[in-house]
A.B. asks: 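Structure provided below as structure tokens; questions to follow.
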Amino acid sequence: MYRPTKGDNKIFDLARQDPNFFSDYYLRTEMSGTWWLPGAKLDRFKVPYDNLYKEWRKELKAPVFKYMGKTFKTIYEHERYMDYPDEPAFFQNHGLMFLPYHKMLHFDRTTIRTVIGGFGSAKTFGMILSDLANGCLLSNYRSFFLAPESTQAEEGYTIALNIITGTKFEERFLIGHRSKPRPSITFGHEGVGESILEFFPIANNEHKLRTLTGDRAVVDQAEHHQMDLEEIIRSVGTRFRGRVPRDGRERVGTMTFLANSSDNMELWDLFDKAEDNPKHYLSIAPHSTDNPYLTERDLERFEVVVGDTDEDKEVYMKGKRPVGDGDHFSKEVLLAMQDPTLD
């Protein structure tokens with residue numbers, strides 16, 4: 001098992017205040033980072049590129065230059081080279097970073113958190129980043145990643161391995177992983193011992209987790225109707241108990257439900273509980289545009305494929321509640337009854 005150096009321990013101390021110190025260093029590859037490409041139309045991409053281009057010209061088209069304290073590399077052969085042969089791309093190498101709402105959830109200890117977000121808002125990605133950091137900062141950390149079916153649970157496992165591969169995390173902290181009979185990743189170091197991230201399919205199998213003890217659970221794809229959310233809360237939420245023998249720390253004790261917006265009343269009932277009981281429930285709705293790693297083409301494609309109406313875009317890119325449909329009152333009737341001047 002890896003023995004941390006003084007440098008590692010310094011990063012661990014900083015990461016207890018900001019987990020980006022951990023992910024930027026340990027979850028970095030040669031090609032991870034941020035790209036700025038010519039031809040951008042949206043301001044969120046165009047303005048930074050234009051500023052970098054001006055600085056690059058000022059620096060006499062240097063292959064590497066600094067701007068606002070950050071280092072950028074000039075890339076001439078990029079994915080838009082055929083359309084913009086005389087304009088380079090700019091690349092900033094850094095590790096995988098927690099988005100602001102990821103960081104908030106990482107430190108939050110509210111018992112039940114519900115995240116209903118837009119497509120591509122990095123819900124699953126953020127929780128796995130948090131698990132990997134926790135497992136190197138908290139002794140004998142154990143987290144359950146739960147999804148309706150085995151295929152979806154295995155996808156979480158794949159995402160985690162893709163995040164780790166080729167990084168200092170893999171080199172120093174990864175102890176082992178397996179895909180069968182149940183996916184799991186074991187990691188850690190001498191300072192915290194072994195930590196484990198386990199992946200379970202739980203649709204109609206919630207009771208099988210009642211013999212386990214861990215720190216927290218993440219329930220992915222919670223919008224699926226075969227998920228009995230009340231029973232999951234009862235069966236899984238009681239698994240976070242007692243203290244860790246190694247150092248006596250208390251369990252993290254949170255359950256996080258991740259979902260895309262859907263006409264699922266049980267899910268929205270859970271989401272609404274945060275308004276009446278904020279001590280024990282937290283609910284947020286991140287947008288697709290909150291994820292800076294989505295490209296301009298990603299966002300353009302989402303606009304096309306989620307649907308033609310404004311409601312489709314609100315529901316599938318902003319995590320808004322759908323109008324819904326029923327036996328007695330159709331979606332069309334409910335829309336006709338709405339008065340937008342009262343919103």
A.B. asks: Would you mind reporting whether D18 and K103 have side-chain heavy atoms less than 4.5 Å apart?
C.D. replies: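 Yes - at least one pair of side-chain heavy atoms lies under 4.5 Å apart.
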
A.B. asks: Return a table of donor-acceptor pairs under 3.5 angstrom between the side chains of residues 244-253 and protein atoms on other chains or two or more places apart.
C.D. replies:
from, atom 1, to, atom 2, distance (Å)
R246, NH2, E190, O, 2.7
D247, OD1, S139, OG, 2.8
D247, OD1, R249, N, 3.1
D247, OD2, S139, OG, 2.9
R249, NE, S139, O, 3.0
R249, NE, S139, OG, 3.4
R249, NH1, D215, OD1, 2.8
R249, NH2, S139, O, 2.8
R249, NH2, D215, OD1, 3.2
R249, NH2, D215, OD2, 2.8

A.B. asks: Determine, for Y25 and K168, whether the Lys NZ or Arg CZ falls below 6.0 Å from the six-membered ring centre while staying within 45 degrees of the axis.
C.D. replies: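 Flagged: K168 positioned over aromatic ring of Y25.
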
A.B. asks: Kindly say whether V323 contributes a backbone atom to a donor-acceptor pair with the side chain of E311 at under 3.5 angstrom?
C.D. replies: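 Indeed, once roles are kept as given, a pair shorter than 3.5 Å links the two residues.
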
A.B. asks: Do R172 and T167 pass the side chain to side chain donor-acceptor pair (under 3.5 Å) test, and can you show the C-alpha distance, the side-chain angles, and the key distance before you say yes or no?
C.D. replies: CA-CA 9 Å; R172 300 183 185 184; T167 66; over 6 Å; no

A.B. asks: CG of D308: more than 12 outside heavy atoms within 6.0 angstrom?
C.D. replies: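 Result for CG/D308: open.
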
A.B. asks: Check each of F173, Y2, Y26 against C136 using the side chain to side chain contact (heavy atoms under 4.5 Å, CB included) test, and report the only one that passes.
C.D. replies: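 Considering F173, Y2, Y26, a side chain to side chain contact (heavy atoms under 4.5 Å, CB included) with C136 is found only for F173.
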
A.B. asks: Would you say R321 and V315 make side-chain contact, with heavy atoms under 4.5 Å?
C.D. replies: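 Not touching, per the 4.5 Å side-chain cut-off.
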
A.B. asks: Without hydrogens or angle criteria, can the side chains of R113 and Y281 be said to hold a donor-acceptor pair below 3.5 Å?
C.D. replies: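 No, no side-chain donor-acceptor contact under 3.5 Å.
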
A.B. asks: Counting neighbours of NZ on K46 that are heavy atoms of other residues, nucleotides or ligands and sit closer than 6.0 Å, is the number greater than 12?
C.D. replies: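 No, the 6.0 Å shell around NZ holds no more than 12 heavy atoms from other groups.
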
A.B. asks: Is there side-chain contact between M255 and I232, with at least one heavy-atom pair below 4.5 Å?
C.D. replies: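 Touching, per the 4.5 Å side-chain cut-off.
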
A.B. asks: Quick one, F240 and F144 - any side-chain contact, counting heavy atoms below 4.5 Å?
C.D. replies: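 F240 vs F144: side chains touch.
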
A.B. asks: Under the 3.5 angstrom rule, does the side chain of S195 hit a backbone N or O of Y141 as a donor-acceptor pair?
C.D. replies: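 Yes, because the side chain of S195 sits within donor-acceptor range (under 3.5 Å) of the backbone of Y141.
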
A.B. asks: Under a 3.5 Å distance rule, please check whether T74 uses its side chain to pair with a backbone N or O of A62 as donor and acceptor.
C.D. replies: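 Yes, T74 side chain to A62 backbone: donor-acceptor pair under 3.5 Å.
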
A.B. asks: Any side-chain to backbone donor/acceptor pair from N20 onto M97? Under 3.5 Å, distance only.
C.D. replies: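 It does not hold such a pair.
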
A.B. asks: I would like to know whether D269 and K273 meet salt bridge (Lys or Arg N to Asp or Glu O under 4.0 Å); could you show each step before the answer?
C.D. replies: CA-CA 7 Å; D269 286 345; K273 287 185 177 182; over 6 Å; no

A.B. asks: Does a side-chain heavy-atom distance below 4.5 Å link Y67 with W56?
C.D. replies: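 No, too far: nothing below the 4.5 Å cut-off.
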
A.B. asks: Take a 6.0 Å sphere around CZ of F90 and say whether it holds more than 12 heavy atoms from other residues, nucleotides or ligands.
C.D. replies: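 Yes, CZ of F90 has more than 12 neighbouring heavy atoms, counting only those of other groups under 6.0 Å.
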
A.B. asks: Closest heavy-atom contact between F45 and T295?
C.D. replies: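 Here F45 and T295 meet closest at CZ-C, 3.8 Å.
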
A.B. asks: Between H177 and Y157, does any side-chain donor sit less than 3.5 Å from a side-chain acceptor?
C.D. replies: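 Note: H177 and Y157 side chains meet the donor-acceptor criterion.
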
A.B. asks: So do the side chains of W35 and I75 get within less than 4.5 Å of each other, counting heavy atoms only?
C.D. replies: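 Answer yes - side chains close enough.
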
A.B. asks: Would you say the side-chain atoms of S121 and H287 include a donor-acceptor pair closer than 3.5 Å?
C.D. replies: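 Per modelled atom types, S121 and H287 side chains form no pair under 3.5 Å.
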
A.B. asks: Between K58 and E55, is the salt bridge (Lys or Arg N to Asp or Glu O under 4.0 Å) condition met? List the steps.
C.D. replies: CA-CA 5 Å; K58 190 187 299 183; E55 188 67 21; 3.7 Å; yes

A.B. asks: How about K320: does its NZ atom have over 12 heavy atoms from other parts shown lying under 6.0 Å from it?
C.D. replies: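 Open: at most 12 neighbouring heavy atoms sit under 6.0 Å from NZ of K320.
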
A.B. asks: Using modelled atom types and a 3.5 Å cut-off, is there a donor and acceptor pairing between side-chain atoms of S32 and backbone atoms of H94?
C.D. replies: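 Between the backbone of H94 and the side chain of S32 there is a qualifying donor-acceptor contact (under 3.5 Å).
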
A.B. asks: Report yes if the side chains of K10 and K6 come closer than 4.5 Å at any heavy-atom pair, otherwise no.
C.D. replies: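 A side-chain contact under 4.5 Å is absent here.
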
A.B. asks: Can you tell me if CD on Q92 sees more than 12 non-hydrogen neighbours from other groups inside 6.0 Å?
C.D. replies: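 Yes, because the 6.0 Å sphere around CD of Q92 holds more than 12 heavy atoms from other groups.
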
A.B. asks: Search all heavy atoms of V192 against all heavy atoms of G135 and return the closest pair with its distance.
C.D. replies: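 Smallest interatomic distance, heavy atoms only, reads CG2-O, 3.5 Å.
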
A.B. asks: Are more than 12 heavy atoms from other residues, nucleotides or ligands located less than 6.0 Å from atom CZ of F91?
C.D. replies: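 Correct, the count exceeds 12.
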
A.B. asks: Establish, from distance only, whether the side-chain atoms of D220 and T124 form a donor-acceptor pair under 3.5 Å.
C.D. replies: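 D220 vs T124: donor-acceptor pair found between side chains.
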
A.B. asks: Do you know the tightest heavy-atom contact between F271 and S283?
C.D. replies: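 What the structure gives for the nearest pair is O-OG, 2.7 Å.
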
A.B. asks: Measure from the side-chain N and O atoms of Q221 to the backbone N and O of P148, and report whether any donor-acceptor pair falls under 3.5 Å.
C.D. replies: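 Looks like no, no N/O pair under 3.5 Å.
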
A.B. asks: For the atom pair CG (L132) and CG (L174), what is the distance rounded to the nearest 0.5 Å?
C.D. replies: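 Nearest 0.5 Å value for the CG-CG distance: 9.5 Å.
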
A.B. asks: Mind listing the closest non-hydrogen atom pair of P38 and H78 along with its distance?
C.D. replies: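 In this case the closest contact between P38 and H78 is CG-CE1, 3.6 Å.
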
A.B. asks: Rounded to the nearest 0.5 Å, how far does CD of E59 lie from CG of L52?
C.D. replies: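 Output value for this atom pair is 11.5 Å.
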
A.B. asks: Compute whether any side-chain donor of one residue and acceptor of the other, for D8 and T5, lie under 3.5 angstrom apart.
C.D. replies: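 A pair is found: one side chain offers a donor N or O, the other an acceptor, under 3.5 Å apart.
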
A.B. asks: Pairing donors with acceptors under 3.5 angstrom, does anything connect the side chains of S235 and R210?
C.D. replies: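 Side chains of S235 and R210: pair found under 3.5 Å.
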
A.B. asks: In this structure, which one of R301, K41, R80 forms a salt bridge (Lys or Arg N to Asp or Glu O under 4.0 Å) with E296?
C.D. replies: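 That would be R80; it is the only one of R301, K41, R80 passing the salt bridge (Lys or Arg N to Asp or Glu O under 4.0 Å) with E296.
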
A.B. asks: Would the H189 and F12 ring centres measure less than 6.0 Å apart?
C.D. replies: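 Judged by ring-centre distance (under 6.0 Å), H189 and F12 do meet the cut-off.
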
A.B. asks: For the atom pair CG (L282) and CZ (R109), what is the distance rounded to the nearest 0.5 Å?
C.D. replies: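 Between atom CG of L282 and atom CZ of R109 there are 12.5 Å.
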
A.B. asks: Is a donor on one side and an acceptor on the other found under 3.5 Å between the side chain of E154 and the backbone of S179?
C.D. replies: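 Absent.
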
A.B. asks: Should we say atom CZ of R241 is surrounded by more than 12 heavy atoms from elsewhere, each under 6.0 Å from it?
C.D. replies: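 Buried by this count: over 12 neighbours within 6.0 Å.
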
A.B. asks: Centres of the F200 and F145 rings: under 6.0 Å?
C.D. replies: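 Centroid distance F200-F145: not below 6.0 Å, so no.
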
A.B. asks: Looking only at side-chain N and O atoms, does T110 offer a donor or acceptor that is under 3.5 Å from a partner on D108?
C.D. replies: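 T110 and D108 do have a side-chain donor-acceptor pair below 3.5 Å.
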
A.B. asks: Work out which heavy atom in N264 is nearest to a heavy atom in A222; give both atom names and the distance.
C.D. replies: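 So the minimum-distance heavy-atom pair works out to ND2-O, 4.2 Å.
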
A.B. asks: Looking only at non-hydrogen atoms, find the nearest pair between L294 and F302 and report the distance.
C.D. replies: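 Scanning both residues, the minimum pair turns out to be CD1-CE2, 4.0 Å.
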
A.B. asks: H102 vs F98 aromatic rings, parallel, tilted or perpendicular, using cut-offs 30° and 60°?
C.D. replies: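 It falls in the perpendicular class, over 60°.
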
A.B. asks: Are F72 and V64 side-chain neighbours, meaning at least one heavy-atom pair lies under 4.5 Å?
C.D. replies: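 SC-SC contact between F72 and V64 ruled out.
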
